[in-house]
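What follows is one structure encoded as structure tokens, with my remarks underneath.
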Amino acid sequence: MPTTPRWKLPAACFAALLAGALLGWLAGGHVATGVALVAVAEIVLLLTRDRHPARPIMASTVAAKHNRLMTRSRRLASSLRDLRRTASQLPDGVVLLDADQRVRWFNHAAENLLGLRSPHDRGAPLGQRLPASELVDWLHQDEREPLHDTVAPGRPDSQISVSLLPFGRRQQVLLARDTSHVTRLEQMRRDFVANVSHELRTPLTVIHGYLELIDPEDAPALAPVLGEMRAQSKRMGQIVEDLLTLSRLETQHRVEDERVPMAPLLATLRKEAEALSQGRHRVAVEADAGLDLLGSPKDLHSALSNLVSNAVRYTPAGGSITIRWRRSDDGATYSVSDTGYGIPASHLARLTERFYRVSSSRSRGSGGTGLGLSIVKHVLNLHQARLSIASEPGRGSTFACHFGPERLLAPSNGHDES
Ligand code: ADP
């Protein structure tokens, strides 16, 4: 059989280079592509036609490359299996969704918590595979915050928190975490606080009642002590009442909606401020919203008056307090501004926590329970409203409650509060 002369391979490569360059140039400048194509074609022809000495070298190179690729693909497959095994054992439910929220993959926990079944539910839109629920409504929203403590479709006695994270190209990962134990602990804490407060209420009422019965004139030497005991028992009573209010607000998911006429409420708030101030502050009301609120009259009164009493208690004599009720771009805002002590910025984020105080002595001295702003926050949450606080130490503070349009009503009898 004729063998290929040794000069033939380099010559073929050179010819391929030339032909490729020409082809590439003709094809619009892709010289490298042309060269590569022709060179490969030439070499393949040469090697398959002849027993060229380069053939075994080429063959072993190709075999080595093939082996390397096979090893790499085996390693990748094994890593992928490990990854899937790990993800399928995660305690949190994981569902991989495509751009149309169709289920691509899910783990055991997702089967358990969401009630998904494999392979039946693969490829189906997730929203259609779950029973109608808060979770399904949430999935259909365009923009969503994580959904907390909702009923798990696969285990109705459990609660889950769910979030959606962007993943890859327009895909998403849904994470579902069982929060039942946290909810149970929270419930135990709430029950404990409510029970203790309830148990303390009766003895405190009795003590307070007896203290009221004692006439200081019967024991003039004890008069200052008696005064202090009365003040402290009153404060303890107030703490108990505030704790009970908080327990109720925490367990409540919605309020009974009623019209809350703002004109008389603002007049009452002004009177309360003046009574508490006893002439030490200027109190003004600016109300041009011409709107009533929709919600719980008792709870709204309690929240709005808390802000007024704080303004009076944390503003030195001679300062001023302004209560405003105004329309805003997206609803209406009730605010209380004072020219009082103000609050350093580092405290603002924590003010609505229970018993959080900027200055304990000032709070206690002014008769505070440390629970007022916590109550305000809960009441506003129940009315889908939010609290904002602006303050400057030494200059004063503004506490504002922002109500959305769904909570606003035109006054029924035509009067407005301006
Ligand atoms: P408290 O019963 O102690 O007033 P709150 O929950 O009502 O409890 O308020 C928490 C803390 O926030 C207060 O202790 C006080 O330090 C601060 N605070 C609230 N309102 C004002 C205000 N208008 N000016 C300055 N500080 C305030």
Side-chain angles (χ1 to χ4, degrees), residues 190 193 197 200 204 231-250 266 269-270 272-278 280-286 298-326 333-383 385-402:
R190 259 184 242 135
V193 173
S197 312
L200 284 174
L204 272 173
Q232 290 302 337
S233 82
K234 197 170 158 208
R235 207 170 91 78
M236 272 165 78
Q238 193 55 54
I239 291 176
V240 165
E241 289 309 317
D242 282 359
L243 282 173
L244 285 169
T245 304
L246 264 178
S247 295
R248 175 179 61 80
L249 291 171
E250 274 184 335
L266 289 163
L269 292 171
R270 176 191 215 136
E272 286 173 0
E274 285 167 348
L276 194 61
S277 159
Q278 302 202 319
R280 289 175 296 126
H281 307 93
R282 280 182 305 283
V283 180
V285 176
E286 295 174 11
K298 185 169 150 240
D299 291 336
L300 283 170
H301 179 201
S302 148
L304 305 188
S305 82
N306 244 309
L307 298 181
V308 172
S309 83
N310 277 355
V312 174
R313 291 187 295 118
Y314 298 111
T315 301
S320 52
I321 286 135
T322 311
I323 303 168
R324 295 189 180 87
W325 174 231
R326 296 219 155 125
T333 302
Y334 166 88
S335 67
V336 182
S337 302
D338 63 57
T339 57
Y341 303 117
I343 305 157
S346 57
H347 293 279
L348 293 182
R350 300 194 57 190
L351 282 189
T352 55
E353 288 174 23
R354 291 161 181 232
F355 297 114
Y356 188 86
R357 289 149 165 148
V358 178
S359 154
S360 298
S361 54
R362 193 176 278 162
S363 166
R364 288 203 188 94
S366 70
T369 61
L371 295 168
L373 290 180
S374 195
I375 292 177
V376 172
K377 187 184 84 175
H378 277 87
V379 170
L380 293 187
N381 282 349
L382 282 173
H383 291 82
R386 82 191 152 79
L387 178 70
S388 70
I389 309 169
S391 189
E392 218 181 303
R395 304 200 66 142
S397 316
T398 295
F399 286 73
C401 311
H402 306 275

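Ligands are counted one by one from 1 in listed order, and the atoms in each one are counted from 1 as well. Since the structure is predicted, the reported quantities are computational estimates derived from the model, not experimental observations. Counting begins at 1 with the first residue of the sequence.
Side-chain contact between L373 and N306 is absent, with no heavy-atom pair separated by less than 4.5 Å. For the pair L307/Y334, a side-chain contact is recorded, criterion being any heavy-atom separation below 4.5 Å from C-beta on. Using a 4.5 Å cut-off on side-chain heavy atoms (C-beta onward), H402 and S388 make contact. R354 places a side-chain heavy atom less than 4.5 Å from the side chain of L246.
Using a 4.0 Å cutoff on heavy atoms, F355 does not count as a contact of ligand 1. G340 does not count as a contact of ligand 1, since none of its heavy atoms falls under 4.0 Å from the ligand. Residue contacts with ligand 1: Y356 is included, with a non-hydrogen atom under 4.0 Å away.
Here I343 has side-chain heavy atoms under 4.0 Å from ligand 1, and that is the only part of it that gets that close. Using a 4.0 Å cut-off between heavy atoms, D338 contacts ligand 1 through its side chain alone, with no backbone atom that close. When heavy-atom distances to ligand 1 are checked against a 4.0 Å cut-off, F399 comes that close only through its side chain, counted from C-beta outward. Contacts between H347 and ligand 1 below 4.0 angstrom, taking non-hydrogen atoms only, are absent altogether.
Of all atoms in ligand 1, listed by their number and element, those nearer than 4.0 Å to a heavy atom of L351 are 12 (O). Near R357, meaning under 4.0 Å from one of its heavy atoms, ligand 1 places the atoms 3 (O), 14 (O). Ligand 1 places these atoms under 4.0 Å from at least one heavy atom of S397: 24 (N). Of all the atoms in ligand 1, the ones that sit under 4.0 Å from a non-hydrogen atom of G370 are 1 (P), 2 (O), 3 (O), 6 (O), 8 (O). For ligand 1, the atoms sitting less than 4.0 Å from at least one non-hydrogen atom of T369 are 2 (O), numbered in the order shown with element in parentheses. Heavy-atom proximity to R313, at under 4.0 Å, picks out these atoms of ligand 1: 1 (P), 2 (O), 4 (O). Those atoms of ligand 1 with a heavy atom of L373 less than 4.0 angstrom away are 5 (P), 6 (O), 7 (O), 9 (O), 10 (C), 12 (O), 19 (C).
Atom CG of L243 and atom CD of E250 lie 10.0 Å apart (nearest 0.5 Å).
Note: no N/O pair closer than 3.5 Å links S374 and ligand 1 by distance alone.
Residues passing the side-chain contact (heavy atoms from CB on, under 4.5 Å) test with E286, sequence neighbours excluded: T322, R324, R326. Annotation: side-chain contact (heavy atoms from CB on, under 4.5 Å) contacts of P344 (sequence neighbours excluded): S346, H347, V358, P393.
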Between H301 and L269, is a side chain to side chain contact (heavy atoms under 4.5 Å, CB included) present by the stated rule, with each step listed? CA-CA 8 Å; H301 179 201; L269 292 171; 4.0 Å; yes

